[in-house]
Amino acid sequence: MANTILVGAQWGDEGKGKIIDVLTEQADIVVRTQGGNNAGHTVFIGPKKYVLHLIPSGILRKKKICVIGNGVVVDPVGLVDEIKGVLKLGVAVSPKNLLLSETAHVVMPYHRELDGAREMAKGKNKIGTTKRGIGPTYGDKAARVGLRIIDLIHPERFEAKLKERITENNAVLKALGAKPLSFEKVLREYRAAGDFLRPYVTNTVVYLHHAVREDRGILFEGAQGTFLDIDHGTYPFVTSSNTTAGGACTGSGVPPHRMDRVVGVMKAYTTRVGEGPLPTENAEIADMLHAMGREFGATTGRARRCGWFDAVATRHASMVNGIDQLAVTNLDGLDSLDVIRVCIGYKIGRTRYDYIPNEIETLAQCEPVYAEFPGWRTPTDKVREWRKLPLNARSYLKAIAELTDAELAIASIGPARDQTIFL
Ligand code: GDP
Ligand code: IMO
Ligand code: MG
């Protein structure tokens, strides 16, 4: 398989986990390159549901190697729990099929506490983070005071660095009105996690370099989505990493000219969890999807905000990621509608926008301009061939792909592996 970068083309939760699982069949290696356990990637295999946060979704297929790359921020206690949880579900996970980068940064308990305390202090201006400590960990990385996995697995070095960092962070926590952390307790917990993870740790950049030379197919599993990107998203309502295609290179050490294609995953409608503008947000769509038991967050359980498909956004995503091929998921979510709307522009008064304005206040004022498509009002979840999809469903998919400016390659009509149509 060609080396493939898979990204979310909206605000996260596009169904990346499902599509990764499907594409892993043809890959040798699956790599996470950014984000942390703020991600929640759902994969169904038969009746069994798996939600992966840090482990690449490729772990569910035999004989595939999974890599947690240097760009990821790793909560070691969370990762140990996740490995144990996945093992309990009968999936083989060991240092033979899961590799952890030496240079990935470590999410510390003070990062989680700071995340929560800062959100609290922001009050109604909060970002709505997952409170997993993601922002403070990337903050420390950029400020060059972070701890890395290579520190975690060297007990003496870890202890010295922890002592220094916890003192400084406890002062900040105190100033924010939060409880300081116990050095001994953190040391104990993190030592145990470090001991457990040590056999998984390796130089993943060198490993991937050899894999590229041997022509093994690599799949880069994006987390979050384009509009949560720290540079290209709806700042400040974003996460703290580069969720767009470039993040796959910096977060793995595999150079850009070794990448062969970019696959963008998007839902047939829009969802967002957390705060920030969402121009096509619509209460009726949200009620409909929630009543079907859908669109509850895989990590925090929060109800996702829902709206019509926003082609202004996905076209922008296509531009900043260089999306070659599209996977459209959750088409079946629209099966019961008479009329389906697609946002093809924004307006504020008489001013039209055919791009996402950079000023968040302006975006918040944008009203969507809609085109309407006739619904198909037929269940699609049992369809397995493109030509057997209702004509209106095919027209809708073709239209949103064309508006997004990319080629439609996959349509997904249910969470299961076989509920996937290849074009
Ligand atoms: P991710 O974060 O991008 O991996 O997406 P999540 O797993 O957080 O959320 C996507 C949800 O949609 C999950 O519950 C998936 O099982 C589900 N899903 C994915 N594709 C489809 C689809 O085509 N139809 C339906 N009904 N559910 C889907
Ligand atoms: P996957 O990989 C959807 C959102 C949070 C919040 C913002 C910042 O499953 O698509 P953070 O904890 O990262 O500092 O929160 O980003 N967010 C996600 N939304 N899917 C995700 O991951 C997300 N990861 C973070 O809700 O709005
Ligand atoms: Mg998710």
Pairs of donor and acceptor atoms involving the side chains of residues 404-415, under 3.5 Å and at least two apart or interchain, shall be tabulated with distances.
{"from": "Thr404", "atom 1": "OG1", "to": "Thr314", "atom 2": "OG1", "distance (Å)": "2.8"}
{"from": "Thr404", "atom 1": "OG1", "to": "Ile400", "atom 2": "O", "distance (Å)": "2.7"}
{"from": "Ser412", "atom 1": "OG", "to": "Lys18", "atom 2": "NZ", "distance (Å)": "3.1"}
{"from": "Ser412", "atom 1": "OG", "to": "Gly414", "atom 2": "O", "distance (Å)": "3.3"}

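In terms of the salt bridge (Lys or Arg N to Asp or Glu O under 4.0 Å) criterion, residue partners of Lys161 (sequence neighbours excluded) are, by chain and number, Asp151. Partners of Pro47 by side chain to side chain contact (heavy atoms under 4.5 Å, CB included), not counting sequence neighbours: none found. Residues satisfying the side chain to side chain contact (heavy atoms under 4.5 Å, CB included) test with Thr299, not counting sequence neighbours, are His53, Arg132. Applying the side-chain hydrogen bond (donor to acceptor under 3.5 Å, both in side chains) rule to Thr202 yields no partners; only residues at least two apart in sequence or on another chain are considered. Scanning for salt bridge (Lys or Arg N to Asp or Glu O under 4.0 Å) contacts around Glu25 gives an empty result, with sequence neighbours left out. Applying the ring pair (Phe, Tyr, Trp, His ring centres under 6.0 Å) test to Tyr235 and every residue at least two apart in sequence or in another chain returns nothing. Here Thr329 pairs with nothing under the side-chain hydrogen bond (donor to acceptor under 3.5 Å, both in side chains) rule; sequence neighbours left out. With sequence neighbours excluded, no residue forms a ring pair (Phe, Tyr, Trp, His ring centres under 6.0 Å) with Phe422. Qualifying side-chain hydrogen bond (donor to acceptor under 3.5 Å, both in side chains) partners for Asp195, counting only residues two or more places apart in sequence or in other chains: Arg198. Among residues two or more places apart in sequence or in another chain, the salt bridge (Lys or Arg N to Asp or Glu O under 4.0 Å) test is passed with Arg191 by Glu159. When the side-chain hydrogen bond (donor to acceptor under 3.5 Å, both in side chains) test is applied to Thr243, no partner is found at least two apart in sequence or on another chain.
Checking Thr234, Asn242, Thr239 one by one against Asp229, the side chain to side chain donor-acceptor pair (under 3.5 Å) holds for a single residue, Asn242.
Around atom CD of Glu367, no more than 12 heavy atoms belonging to other residues, nucleotides or ligands sit under 6.0 Å away.
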